[in-house]
Amino acid sequence: MNRFAGRSVVVTGGAMGIGAACVRRFAAEGAAVYVADVDEAAGASIATEIASARFVHCDVSKAADWDALAGIVLREQGRVDVLVSNAYALRFGAPHELPEDDWDLVQAVTLKAAYLGMRALAPSLAAVGGAVVAVSSVHAHASYPGFAAYAAAKGGLGALVRQLAVEYAPAVRVNAVVPGPIMTRQFAGMSPESIADEAGRTLANRMGRPEEVAAAVAFLASDEAAYVTGAELPVDGGWRVRHR
Ligand SMILES: NC(=O)c1ccc[n+]([C@@H]2O[C@H](COP(=O)([O-])OP(=O)(O)OC[C@H]3O[C@@H](n4cnc5c(N)ncnc54)[C@H](O)[C@@H]3O)[C@@H](O)[C@H]2O)c1
């Protein structure tokens, strides 16, 4: 498939994990891809690996970084077709244990960034009939101890996706994927027992792969999903329907 030939794609948090899988997928399908991330080493590494990918240092919680990124993409490509809003921050704790700075960081990187990205790129996306895909989480819909800040941010992200779909229709489609447990560095330090426990929450009885989320992101960003907007697509191995 070559669904993104001639198109220009921005992936936040694209230096590793699910974001990097999205970068690889969009590049393999013909896009020029901008990796908007704060990790210089990982960003440089993926840009070296993929000829049509370029790393741009962008802290997605900073409006000025978004403005600089938009300037670079428009100068180099003259268009922005797809924004994948994937970067996030995660800090654990019930509210009485969670420092205020941690709460603010999680909201800024996980939720506010989706607003800032749209603020910077909406006119360009609208000009070409573009698409936005936000990467949410099952924690937007299910509550576990310690996830107050993250769950609130992801729940807000789901509401924001629906709102953005309304604000920018019909010019820009806005959707979300909702991953379950995906094998990225979040799970790298966990014991095999903990990983098996996570996997056992799914009907698939295994962890998901970043490429499986990227495939869903690419579908929602593509013209094949031309009649899909304001939607949340679970990519969770059936996690949400399993009762334990
Ligand atoms: N891995 C999972 O099991 C899982 C499950 C559900 C949802 N998700 C969601 O998927 C997305 C990606 O998760 P992942 O597991 O691939 O994460 P990851 O930790 O592997 O990668 C996250 C990337 O975001 C970048 N980043 C962090 N702060 C940033 C900032 N301020 N500005 C720009 N970039 C920043 C990091 O440098 C890193 O490259 C997140 O939105 C996460 O909430 C992941």
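Note that ligands are numbered from 1 as they come in the structure, with each ligand's atoms numbered from 1 the same way.
Residue Arg185 has at least one heavy-atom neighbour below 4.0 Å for each of these atoms of ligand 1: 18 (P), 19 (O), 20 (O), 36 (C), 38 (C). The Asn86 neighbourhood of ligand 1 comprises atoms 10 (O), 11 (C), 12 (C), 40 (C), 41 (O), with distances under 4.0 Å to a heavy atom of that residue. The contact set between ligand 1 and Gly17, taken as ligand atoms under 4.0 Å from a residue heavy atom, comprises 16 (O), 20 (O). Heavy-atom proximity to Met16, at under 4.0 Å, picks out these atoms of ligand 1: 20 (O), 21 (O), 38 (C), 39 (O). Applying the 4.0 Å criterion to heavy atoms of Ser136 picks out, from ligand 1, the atoms 7 (C), 8 (N), 9 (C). Here is the list of ligand 1 atoms found below 4.0 Å of a heavy atom in Tyr150: 7 (C), 8 (N), 42 (C), 43 (O). Remark: ligand 1 atoms within the under-4.0 Å shell around heavy atoms of Cys58 are 32 (N), 33 (C). Shown in contact with Asp39 at under 4.0 Å from a heavy atom are these atoms of ligand 1, numbered in order with element: 37 (O).
Considering only residues two or more places apart in sequence or on other chains, Arg91 meets the side chain to side chain donor-acceptor pair (under 3.5 Å) condition with none of them.
Looking at Val138 next to ligand 1, no N or O pair under 3.5 Å apart turns up. Between Pro179 and ligand 1, no pair of N/O atoms sits closer than 3.5 Å. Considering backbone and side-chain atoms alike, Asp37 places an N or O below 3.5 Å from some N or O of ligand 1. Where the criterion is an N or O separation shorter than 3.5 Å, residue side chain and backbone included, Ala87 fails it with respect to ligand 1.
Of the heavy atoms in Lys154, only side-chain atoms (C-beta onward) come closer than 4.0 Å to ligand 1. Contact annotation for Gln186 and ligand 1: only side-chain heavy atoms (C-beta onward) come within less than 4.0 Å of the ligand.
Val84 is not connected to Val172 by any chain of hydrophobic side-chain contacts under 4.5 Å among Ile, Leu, Val, Met, Phe, Trp and Tyr, and they are in different clusters. Both Ile50 and Val82 sit in one connected hydrophobic cluster of ILVMFWY residues. Membership requires side-chain heavy atoms under 4.5 Å apart, directly or through other members. In this structure, Val60 is not a member of the same hydrophobic cluster as Ile46, with clusters built from ILVMFWY side-chain heavy atoms closer than 4.5 Å. Linking ILVMFWY side-chain heavy atoms closer than 4.5 Å, directly or via other members, places Leu164 and Val109 in a single hydrophobic cluster.
Arg24 and Glu49 are joined by a salt bridge, as a carboxylate oxygen and a charged side-chain nitrogen come within less than 4.0 angstrom of each other.
When the heavy-atom distances from atom 1 (N) of ligand 1 to Asp236, Val38, Thr184, Val177 are ranked, the shortest goes to Thr184.
Under a 4.0 Å heavy-atom criterion, Pro210 is not in contact with ligand 1. Remark: distances from the non-hydrogen atoms of Val109 to ligand 1 include one below 4.0 Å. Residue-ligand proximity: Pro181 is placed with a non-hydrogen atom under 4.0 Å from ligand 1.
Heavy atoms only, all atoms of each residue included: Ala21 and Glu211 are closest at CB-N, 3.9 Å. Across every non-hydrogen atom of Ala149 and Gln107, the tightest pair is O-NE2, 3.1 Å. Between Leu69 and Cys58, the shortest heavy-atom contact is CD2-SG, 4.2 Å. Considering every non-hydrogen atom in both Phe219 and Arg3, the closest pair reads CA-NH1, 3.9 Å. Considering all non-hydrogen atoms of both residues, Ala53 and Val23 come closest at CB-CG1, 4.0 Å.
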Which donor-acceptor pairs under 3.5 Å do side chains of residues 116-138 form with protein atoms, sequence neighbours excluded?
| unit_1 | atom_1 | unit_2 | atom_2 | d |
| --- | --- | --- | --- | --- |
| Ser137 | OG | His139 | N | 3.0 |

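When hydrogens are left out, the protein atom nearest atom 32 (N) of ligand 1 is Val60 N, 3.1 Å; that is the closest non-hydrogen contact. In this structure, atom 5 (C) of ligand 1 lies nearest to the protein heavy atom Gly180 O, 3.0 Å. Shortest contact from atom 31 (N) of ligand 1 to any protein heavy atom: Asp59 OD1, 3.0 Å.
A donor-acceptor pair under 3.5 Å links the side-chain atoms of Asp81 to the main chain of Ser8, judged by distance alone.
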